[in-house]
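Each chain gets a letter, A, B and so on, in the order the sequences are listed, and its residues count up from 1. Values below: every heavy atom of this structure, side chains too, minus hydrogens, waters and symmetry copies.
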Amino acid sequence: MHALTCDPIDHHAVTEHVRRDSCGAVALFLGTVRDLTGDERTVFLEYEAYGPMAEKKLAEIEAEARARWPIGEIALVHRLGRLGVGEISVAVAVSCPHRADAFEACRYAIDRLKEVVPIWKKDIAPTGREAWLAGTEPRP
Amino acid sequence: MPDKPPKRPEFPSMTITVHLFAAARDQAGTDRADLPWQDGLTVNALRESLARQIPALATLLPRCLVAVNHEFADDGKLLQATDEVAIIPPVSGG
């Protein structure tokens, strides 16, 4: 499954969603808001997405991962809106029969998400200064 | 005062809407731009047209991809007036 949400991410629910009796390994990645962006303190990160295309790209990443690894279930969830330090921005959970595949598939999914999904984040400093993070030129 | 005659439907002035996101929207000061469209318009020509209409975007645009109907598009792609076009600045999800 894949989703964009404005609600806090329940990582326990995301993990439970992918568990399968056929899978002995579950890998979970969480991206969280750090308190530093470069040298500056971060108070908030604000995420926005080109919704329909982001959903499409998440679906493609899911399909790519399923084609390459023996996946029981995979979940990719990205949160949008204003997030404070420590909050979860993204969760990727994958179940596979064995751990090597689970780790690899999870790593692939988050790496691919970060290079191709049209989502952007803006750093908000204690001064109120806002700056879009430099980002990665998309690699389709 | 007589009413204006209706536009002749076979000679409309065609435009294509380009959606702007994130840094592109902030630099442009708008979340969309309407640009002239004619048969044969390519993504590359659209980039040039956008940079002319909104010079504030000229520096960022080369680092952006263009999406057409939710797919990344090559510069040579031909555009229809009804295509959904978006400027995709460098992404920073996750």
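With hydrophobic clusters built from ILVMFWY side chains whose heavy atoms lie under 4.5 angstrom apart, I61(A) does not share a cluster with V18(A). Follow the hydrophobic side-chain contacts under 4.5 Å out from W37(B) and you reach L50(B) in the same cluster. Both L4(A) and V33(A) sit in one connected hydrophobic cluster of ILVMFWY residues. Membership requires side-chain heavy atoms under 4.5 Å apart, directly or through other members. Put simply, V26(A) and I9(A) are part of two different groups of oily side chains (I, L, V, M, F, W, Y) that touch within less than 4.5 Å, one to the next. With hydrophobic clusters built from ILVMFWY side chains whose heavy atoms lie under 4.5 angstrom apart, Y108(A) does not share a cluster with M1(A).
The part of E48(A) that comes within reach of chain B is its side chain, from C-beta onward, which places non-hydrogen atoms under 4.5 angstrom from that chain. In this structure, chain B has a heavy atom under 4.5 Å from the backbone of A49(A), while its side chain stays farther away. The part of Y47(A) that comes within reach of chain B is its side chain, from C-beta onward, which places non-hydrogen atoms under 4.5 angstrom from that chain. Of the atoms belonging to D26(B), it is side-chain heavy atoms, and not backbone ones, that fall under 4.5 Å from chain A.
Side chains of F72(B) and P138(A) form a contact here, defined as non-hydrogen atoms less than 4.5 Å apart.
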Steps toward side chain to side chain contact (heavy atoms under 4.5 Å, CB included) verdict (E71(B), K56(A)): CA-CA 9 Å; E71(B) 281 300 337; K56(A) 188 172 186 181; 3.0 Å; yes
Before giving the answer on side chain to side chain contact (heavy atoms under 4.5 Å, CB included), spell out for H19(B) and M53(A) the whole-Å C-alpha distance, their side-chain angles and the decisive distance to 0.1 Å. CA-CA 12 Å; H19(B) 300 275; M53(A) 187 176 176; over 6 Å; no
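Below 30°, between 30° and 60°, or above 60°: for H70(B) and Y50(A) the angle between ring planes is above 60°, a perpendicular geometry.
Of all residues spanning residues 64-94 of chain A, those with a heavy atom less than 4.5 Å away from chain B's heavy atoms are H78(A), S89(A), V90(A), arranged by number. Within residues 75-91 of chain B, the residues that have a heavy atom under 4.5 Å from a heavy atom of chain A are E84(B), A86(B), I88(B), P89(B), P90(B), V91(B), listed by number.
A 6.0 Å sphere centred on CG of D34(B) holds more than 12 heavy atoms belonging to other residues, nucleotides or ligands. No more than 12 heavy-atom neighbours from other residues, nucleotides or ligands sit within 6.0 angstrom of NE2 on H11(A). Residue D74(B) places its CG atom among 12 or fewer non-hydrogen atoms of other residues, nucleotides or ligands, all under 6.0 Å distant. More than 12 heavy-atom neighbours from other residues, nucleotides or ligands sit within 6.0 angstrom of CZ on R20(A).
Each of E46(A), K122(A), K57(A) has some count of heavy-atom pairs under 4.5 Å with chain B, and the biggest count is that of K57(A).
Across all non-hydrogen atoms, the minimal contact from P140(A) to L65(B) is CG-CD1, 3.6 Å.
Distance SG/C64(B) to CD/E137(A): 8.0 Å, rounded to 0.5 Å.
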